Structure formats: structure tokens, C-alpha cells
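Indexing begins at 1, ligand by ligand and atom by atom, following the structure's order. The shown structure was predicted, so the numbers you read here are calculated from the model rather than taken from an experiment.
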Amino acid sequence: MVVERRKPISIGEAVVRVLQYPLQLEVEHVHIGTSLDRILAEDVVADHDVPPFDRSPYDGFALRAEDTRHASTDSPVTLEVIEEIGAGQVAKQKIEAGQAIRIMTGAAIPEGATAVSMFEVVKETKRDTKATIELKRSFKEGQNIAKQGEDTEEGSMLIQKGTIITPGVIAILSTFGYSNVSVWRKPRIGIYATGTELLDIDEPLQPGKIRNSNAYMIAAQIRNMGGEPVYLGKLADDFQTCFEAVKSSIEVYDALITTGGVSVGDFDYLPDIYQELGARTLFNKIAMRPGSVTTVAELNGKLLFGLSGNPSACFVGGELLVRPFILKSMQSNPFLAKTRATLSKDFPKPNPFTRLVRSQVNYSPKGVYVTPTGLDKSSSVTAIAEADAFIILPGGTRGFMAGDEVDVMLFSKESSSNPWEV
Ligand SMILES: Nc1nc2c(c(=O)[nH]1)N[C@H]1C(S)=C(S)[C@@H](COP(=O)(O)OP(=O)(O)OC[C@H]3O[C@@H](n4cnc5c(N)ncnc54)[C@H](O)[C@@H]3O)O[C@H]1N2
Ligand code: MOO
Ligand SMILES: [Mg+2]
């Protein structure tokens, strides 16, 4: 029997092929209170100035700067306090020469006022029965006035569609009255774990068997990417069972992920299933490790992600291919951000393919360091948990040493710029 020889393509090329099949997602509306982490489906443009009126940044007195022009320690100026306003109130009177209004932080600057003095620099006095203040210093026009529109002006583009809704975005949406927010529908991604060796996670170990960790891991990754994972169960390595499951579920879900069964083993049926379904294989080998056997096929415009069964390889396939596929469909930054860091310990292995080393980034006053976590094998499950980045070691290299500068890809930070060369 001749083992099939697969032609590896670059990671960049694999990403390009996957991105040719974006999901057609509808817009839905959610209450702002449940919008955290959703992806905005409309641009947010300021329809009014912020703040919408000139306001006081301090608790103090609104006054006319010109009235204080000659104020000094030796000759203080006295102003008559004609009214008091708190935030939310609007002064009834206009400030005329020699007058001031007691004003609290956030209150609208009264008509006629051109400056605000803080309580701390004012001496409150009384003249006859009138409340007065004494000022020993002058104020400039506009001093201590938070100007209308100083934060943002009407017409400014504030947030673009595709932005992930963070607490800060929620503050903007609230400011502009979005009680309901337009977000992209979450793509529903079906997930099957294949493998006769798989036990449900609540089952005790048995000889030759292991618990299914991939399904729950990839479901969590999908959730992190803004998708809606639907775990459909585990499948024994049986062609017909897997064929029927893949065929029926790809009709229902926006895309289907399977884990396992994509290599050249006797019970690796996914490649043949794609063929039998009439799906077009976009690639079945990527010049990366782990995850070289990651296979993606397209059927009626929908993608079938055949991720590797090896946990680290499955994780990599999810981050490098499924992530941009989902996020690009929502017009969001699809890639993980790439930066440079200093390798903290030797990594002498050769890298026939681009290697993605599960690693942890440490930010120290001396710089950014990166350390591989756990066993660097495709089969490793423990190396993923501590990792918050991949070190990217280019194919055709070997012998990276502590102190070398390396590329790293951060799990926590999305970017619009494609980190891969095509
Ligand atoms: N002759 C060759 N053998 C292999 C090659 C090759 O090129 N030639 N490639 C190797 C590489 S690289 C990888 S990666 C694996 C990929 O295997 P599959 O994607 O076909 O996955 P399986 O064979 O089904 O399983 C591999 C491994 O992962 C474990 N597994 C599977 N599913 C799960 C799960 N849901 N949770 C946890 N662990 C899982 C499974 O028990 C196997 O140990 O092929 C190499 N072989
Ligand atoms: O596909 Mo395997 O993960 O390259 O090790
Ligand atoms: Mg296999």
C-alpha cells in the first residue's frame, strides 16, 4: 500500500483559502446589558457633542473672568452669589457683572459665566444679608470650564462595525442612547470529536482509552472567538457513522469542526468522507507543526474544518484558521497580534515546518520575555493551559537560544494585519 503524499502549503496560503468562504451573517439586536463581548454590526457616529453643554469640572463658583482681572492678595474681589445649582440643574439667572453662581461638578455653566473657581481658592463671606465670595486671584476666560464637545464632537466616527464590545464601548453606546445594539449573529459551529478511543469526560479511564478533551477545548475557543459552538457528540472511527454525521450536520450549522481522523491512518476517515460528499478539499497539509495534517474542505460554500486529533494541533488549527474565518465574517480584526519577544530559554529543536510553540509571555521592566510551556509535542495537552502566546519559529531553522529575539503571537490581542506571508 502506498501512503498518500500530501503537498504542504504555507500557513498564509491556508488562511487565504479559508477566508475565501466568509459566512453570511445577519444582524441581530441585543439589549446593551447583554452585549459584552459581542461584535458590533453597525458604525457608531456621535449624533451630539460630548459633553452636550459647557459644564463645570469642579465644585465651586461660576463667574465672569473679567470681574476677577484685578483680584490679588492685597485687593481681593468680592462677588455676589445669586443662585446655587447642582448637576442636572440649569441656572435660572444670567450672571451679570459682580455676580457668581455656586455650581457643582457636572452642572451646566450658567449664561454669562466664563470661568469657574474651585471652592478651595475662594473665601465665602457675607455682605449685608447677601452671600458673597472673595477672590484673591484672577481667572482667564474659559478657565475650569469643560467645553461642549471637548470629549467628542457631533459627527465623529467613534466605533467601527466589527469592534468587539468591551466595557469602554458599552460606555459610548450608553452615552449615545443605544439601549439595543446591532451585533452580528453568532455563527453556529457544529463540533464532533472522532475517535473510538474517546471517553466522555465523566467516564472512568479504561485500557487504551482517553477522555475527549478536544471537543470542550475547541468549543471554548469558538466561544472566545464570538461564535456559538454546538457540541454534537463523539463518533467512533467508523466510516458510515462519521459520513452520516458530517453530511447531516453541515446542512444545519454554519460550519462544522471535526477533531481527529485526518491523517493517513487506517481509521482516519475524514479525507475520504469529504471526497464522498463531493466537497472540495482546500488543503490537507500545512507546513506548520503542530497541526500539519489540518484539512479544510468546502461543500456548498460551507467549510468543514478537519482539525487534528492531537490536542495541541487541534488548538493551533482553531486559533490559526477557525479564528480568522469567524472574525472576518463579522468584519472584525481576524488575526492574533504578532510582536517580538526575547526567548528565555534554549529551544534547540530543528523546525522543518513553521513551529508554533505554546508559550507564556512575561512582561518585565527589562522587556518582554517568552518561555515555552510544557512538552512541545503535537500530542501535548498540558502545554496549552499555561500558554498565552505562540512563539513562531520559521521553517528551515534550528537552534534558538536564550536571549534570541523571536516572533510571538498573543492569544489576548486581535489585529487586522495579517501576520503571515503568502
Ligand atoms: N504515518 C503517519 N502518521 C502520522 C502522521 C503522518 O504524517 N504520517 N501525522 C502525524 C501527525 S503530525 C498528527 S498531528 C496526527 C494526526 O492525527 P489525526 O488528526 O488523524 O488524529 P487521530 O489519529 O484521530 O488522533 C491523534 C491523537 O490524538 C488523540 N485524540 C483524538 N481525538 C482526541 C480528543 N477529542 N481529545 C483528546 N485527544 C484526542 C488520539 O487519541 C491520538 O493519540 O497523526 C500523526 N500520524
Ligand atoms: O499535524 Mo501534526 O500536529 O503536525 O504534529
Ligand atoms: Mg490519525
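A donor-acceptor pair is defined here as one N or O able to donate and one able to accept, closer than 3.5 Å; no such pair exists between the side chain of S35 and the backbone of R38. No donor-acceptor distance shorter than 3.5 angstrom exists from the side chain of Q143 to the backbone of A65, with no hydrogens or angles considered. The main-chain N or O of V316 is never found under 3.5 Å from a side-chain atom of E319 such that the two would form a donor-acceptor pair.
By the 4.0 Å heavy-atom criterion, G261 is counted among the residues contacting ligand 1. Close to ligand 2: G291, with a non-hydrogen atom less than 4.0 angstrom away. Residue P290 places every heavy atom at 4.0 Å or more from ligand 1. Residue S378 places a heavy atom less than 4.0 Å from ligand 1.
Considering only non-hydrogen protein atoms, atom 17 (O) of ligand 1 sits nearest to S263 CB, 3.6 Å. Of all protein heavy atoms, the one lying nearest to atom 23 (O) of ligand 1 is D268 OD1, 3.5 Å. Of the protein's non-hydrogen atoms, the one nearest atom 11 (C) of ligand 1 is V293 CG1, 4.2 Å. Summary of contacts: the protein heavy atom closest to atom 34 (C) of ligand 1 is N214 ND2, 3.1 Å.
Close contacts between ligand 2 and P290 involve ligand atoms 3 (O), 4 (O) [criterion: under 4.0 Å to a heavy atom]. Counting the atoms of ligand 2 from 1 in the order shown, those under 4.0 Å from a heavy atom of A313 are 3 (O). Taking every non-hydrogen atom of V264 and a distance limit under 4.0 Å, the qualifying atoms of ligand 1 come out as 1 (N), 2 (C), 8 (N). Distances below 4.0 Å separate heavy atoms of S378 from the following atoms of ligand 2: 2 (Mo), 3 (O), 5 (O).
Checking only distances, N310 does come within under 3.5 Å of ligand 1, N or O to N or O. Not a single N or O atom of I210, backbone or side chain, sits closer than 3.5 Å to an N or O atom of ligand 1. An N or O contact shorter than 3.5 Å links N212 to ligand 1 by distance.
Side chains of T371 and S344: a donor on one and an acceptor on the other come within 3.5 Å. For the residue pair D43/Q160, the side-chain donor-acceptor check at 3.5 Å is not satisfied.
The option with the heavy atom closest to atom 7 (O) of ligand 1, from among K234, R211, R6, K285, is K285. Counting heavy atoms only, G309 comes closest to atom 39 (C) of ligand 1 of the residues A215, G309, S213. Between atom 41 (O) of ligand 1 and the options R5, E197, K377, K209, the minimum heavy-atom separation is to E197.
Ion pairing between D200 and R211 fails under the 4.0 Å rule for side-chain N and carboxylate O. Using a 4.0 Å cut-off between charged side-chain N and carboxylate O, E298 and K302 make no salt bridge.
The aromatic ring centroids of F119 and F61 lie less than 6.0 Å from each other. A centroid separation of less than 6.0 Å is found between the aromatic rings of F305 and F325.
A heavy-atom distance below 4.5 Å is found between the side chains of F176 and V50.
Counting heavy atoms closer than 4.0 Å to ligand 2, residue S292 contributes atoms from both its backbone and its side chain.
None of M225, E228, M330 except one satisfies the side chain to side chain contact (heavy atoms under 4.5 Å, CB included) rule with P187; the exception is M330.
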